[in-house]
Structures are given as structure tokens and as C-alpha cells.
Peer 1: 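One structure follows; several queries about it will come next.
Excluded from the calculations below are hydrogen atoms, water molecules and symmetry mates; all remaining heavy atoms, backbone and side chain alike, are included.
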Amino acid sequence: MLAVPPFGFSLADIAALEVELLDLPDSPDYFLAVFERVSEAVPLKALALFLPELDGLTAAASLGFPAVSTDYVPESLALRSGEPGSLLPSESAAVLSSLLGVPSALPLRGAAIPGPEGEILGQWVFADDNLDWADVATVAALGRLLAAPGRRGAQALTIVKPSPKPAVKLLSSAPDGGWAAAFRLDLAPSYLEFDLRVPGILSTSFRSVFVSAASQVLGRRGAATLTADGFLACLFFSSTALDPDLALFQFRKSLKRALPLFGGVELPSGTAISLDLASDTAPAELSHFLAE
């Protein structure tokens with residue numbers, strides 16, 4: 001008789017990890033921190049996390065799958081993913097297997113992350129043939145573990161696409177007068193450093209986290225977006241002229257504090273300029289600055 005391979009993660013392990021996940025800091029990087037901890041602790045052969053993009057989902061992190069596409073996935077596939085931890089229905093499995101580079105015949109399991117208002121905050125997809133031998137209680141508990149972050153009411157992370165006209169988007173939030181400090185940060189070197197330390201998180205979700213954190217740091221006194229080349233672009237509004245380099249220095253410090261998962265990552269120094277928002281040349285100045 002062939003030996004049944006153990007899954008290697010007990011009900012007690014699952015319960016302890018659920019407490020840990022629900023106790024992580026409530027910050028823009030919460031769901032990526034959950035992925036990092038789950039992928040490290042749970043012995044799954046392949047794991048992916050999809051997060052919201054407009055009214056659908058897109059891949060945010062993946063480990064163990066041979067490929068991953070960030071193509072848009074209708075949210076209805078998450079809504080029809082079945083009980084947490086169960087095998088995905090054939091329609092969902094067919095779409096998701098193609099995005100993850102696996103044969104459609106490979107059994108995929110899923111767990112949607114429902115929010116407190118019934119919205120979908122994310123969708124897990126995972127594969128491990130050892131689960132086929134695991135007891136029903138273990139599989140169900142694993143599914144509940146993956147769905148648990150939705151109970152927290154934590155900040156949802158939305159995948160942000162680059163803006164085709166970042167200067168127009170930033171200035172649309174600006175007051176009629178006053179001043180602004182404009183910031184431009186190249187996130188690519190920081191992502192390469194982070195990926196070596198925490199593998200699996202895609203560059204699209206990495207950049208999206210920084211847009212979310214920047215928006216939180218700036219609040220109503222600023223705006224943030226991504227440029228076509230993946231730079232973080234921000235405006236910080238003020239009633240008086242600012243020292244742009246000092247404003248950028250303080251902004252970078254606040255940005256790191258807002259992202260516990262990325263605390264050890266060195267952010268680029270970035271560049272900054274001052275803008276007179278009442279000037280007719282402000283849009284052209286900002287466009288030129290962001291295109292440099």
C-alpha cells in the first residue's frame with residue numbers, strides 16, 4: 001500500500017496562524033503581508049493571490065505556479081469559487097489555470113476573501129495534491145484561514161494601473177490657487193531589492209501599495225498616481241511656497257512608516273520641484289517634470 005503523504009500543517013497550526021494574520025498591522029500593505037506570511041508558513045506547492053482591479057480581479061502575488069498573467073479576471077469567478085478551500089468550479093478553474101500557466105486538468109482550489117459588506121476583497125488560488133489526501137476538517141480549516149482577513153475590515157488594496165496623463169490626474173485634485181511640491185520616485189530598484197527578500201509579490205501590486213500609502217499619507221492635501229514608466233508621482237498642496245526637497249524628505253519618511261512590510265527596503269531619493277498652482281504654466285511644468 002502506498003503511503004499517504006502528510007499535508008504537514010495541523011489544525012492547531014492553522015488556528016495559530018489565523019490569530020497571527022488577524023493581528024497584523026492595519027496598513028495599505030496588509031493583504032501583501034498576509035500573502036508573505038501564508039506563503040512562508042503553509043506548505044502549499046503553489047499559491048496565488050488575486051486582488052481587486054476596478055470591478056474585477058488581477059493577480060497580485062504568486063509562488064509555485066510556472067507563470068502568472070496580470071490579465072483582468074471578472075469578479076463573478078471569485079463569487080462562484082465555492083466553499084473556501086474546495087476545488088474551483090470548472091469555469092473558474094479554466095480561466096485561472098490559463099493565467100497561472102498550468103494545465104486545465106490540474107485541480108485548483110480557491111478561497112474568496114469576502115469583506116464585511118459582502119464585497120470581494122481578494123481571491124486565493126492554490127494547488128497541492130497532498131490536500132487530496134488530507135482530512136476534510138483540515139482542508140475546510142485552511143479555506144477559512146485564507147478567507148479570514150476579510151473579517152478584519154482591513155484596508156482593501158486595489159491594483160492601480162499607470163495613468164496615461166499623470167499630470168492631468170494629479171492637478172484634477174488641486175485647489176484653484178496656492179502651491180504644491182511635486183514628487184517623482186522610481187520604484188523599480190526598491191522592487192528588485194524587495195523581491196529578493198520577499199519573493200512572489202508582483203511589481204504591479206508593489207507599485208499599487210505605494211500609491212495607496214502615498215494617498216493615505218497625503219490625505220486631502222495631496223494626490224498620487226503612477227506614470228506610464230511605473231514611477232510614483234505625487235503632489236503635496238500648500239497655501240505657501242515649499243522647499244520641495246525638504247517636503248520630499250519628510251514625505252519619504254512618512255511613506256516608510258505607513259508600510260510595515262516594506263520597512264527594510266531602501267526607497268529611492270526621488271526628485272522634487274515646487275509649483276505655483278495659480279500659474280498658467282503649472283500643467284506644462286508638471287508634465288515636463290514627470291516625463292524626465
Peer 1: Yes or no on side-chain contact (heavy atoms from CB on, under 4.5 Å) for Ile14 and Phe9, after CA distance, side-chain angles and deciding distance?
Peer 2: CA-CA 7 Å; Ile14 292 172; Phe9 208 63; 3.4 Å; yes

Peer 1: Using every non-hydrogen atom in the two residues, find where Gly85 and Ala111 come nearest and quote the distance to one decimal.
Peer 2: N-CB, 4.1 Å

Peer 1: Which atom names give the shortest non-hydrogen contact between Leu235 and Ala182, and what distance separates them?
Peer 2: CD2-CB, 3.6 Å

Peer 1: What pair of heavy atoms forms the shortest contact from Val38 to Leu47, and how long is it?
Peer 2: CG1-CD2, 3.8 Å

Peer 1: Kindly state each residue pair satisfying salt bridge (Lys or Arg N to Asp or Glu O under 4.0 Å) with at least one member in residues 215-225, sequence neighbours excluded.
Peer 2: none

Peer 1: Taking the side chain from Arg184 and the backbone from Leu290, do they hold a donor-acceptor pair closer than 3.5 Å?
Peer 2: yes

Peer 1: Taking the six-membered ring for Trp and the full ring for Phe, Tyr or His, determine whether the centres of Phe236 and Phe183 are under 6.0 Å apart.
Peer 2: no

Peer 1: Can you check whether Ser287's main-chain N or O pairs, donor with acceptor, with Lys165's side chain at less than 3.5 Å?
Peer 2: no

Peer 1: Considering non-hydrogen atoms only, spot the tightest contact between Cys234 and Leu218 and give its length.
Peer 2: CB-CD1, 4.0 Å

Peer 1: Between Glu266 and Arg252, which heavy-atom pair has the shortest distance, and what is it?
Peer 2: OE2-NH2, 3.8 Å

Peer 1: Before giving the answer on side-chain contact (heavy atoms from CB on, under 4.5 Å), spell out for Arg109 and Asp132 the whole-Å C-alpha distance, their side-chain angles and the decisive distance to 0.1 Å.
Peer 2: CA-CA 10 Å; Arg109 296 179 183 271; Asp132 297 336; 3.1 Å; yes

Peer 1: Could you list the donor-acceptor pairs under 3.5 angstrom formed by side chains in residues 198-208, with sequence neighbours left out?
Peer 2:
from   : atom 1 : to     : atom 2 : distance (Å)
Ser205 : OG     : Ala60  : O      : 2.6
Ser205 : OG     : Leu202 : O      : 2.9
Arg207 : NE     : Gly230 : O      : 3.0
Ser208 : OG     : Val160 : N      : 2.7
Ser208 : OG     : Thr204 : O      : 2.7

Peer 1: How far apart are the closest heavy atoms of Ser86 and Ser81, and which atoms are they?
Peer 2: OG-O, 3.9 Å

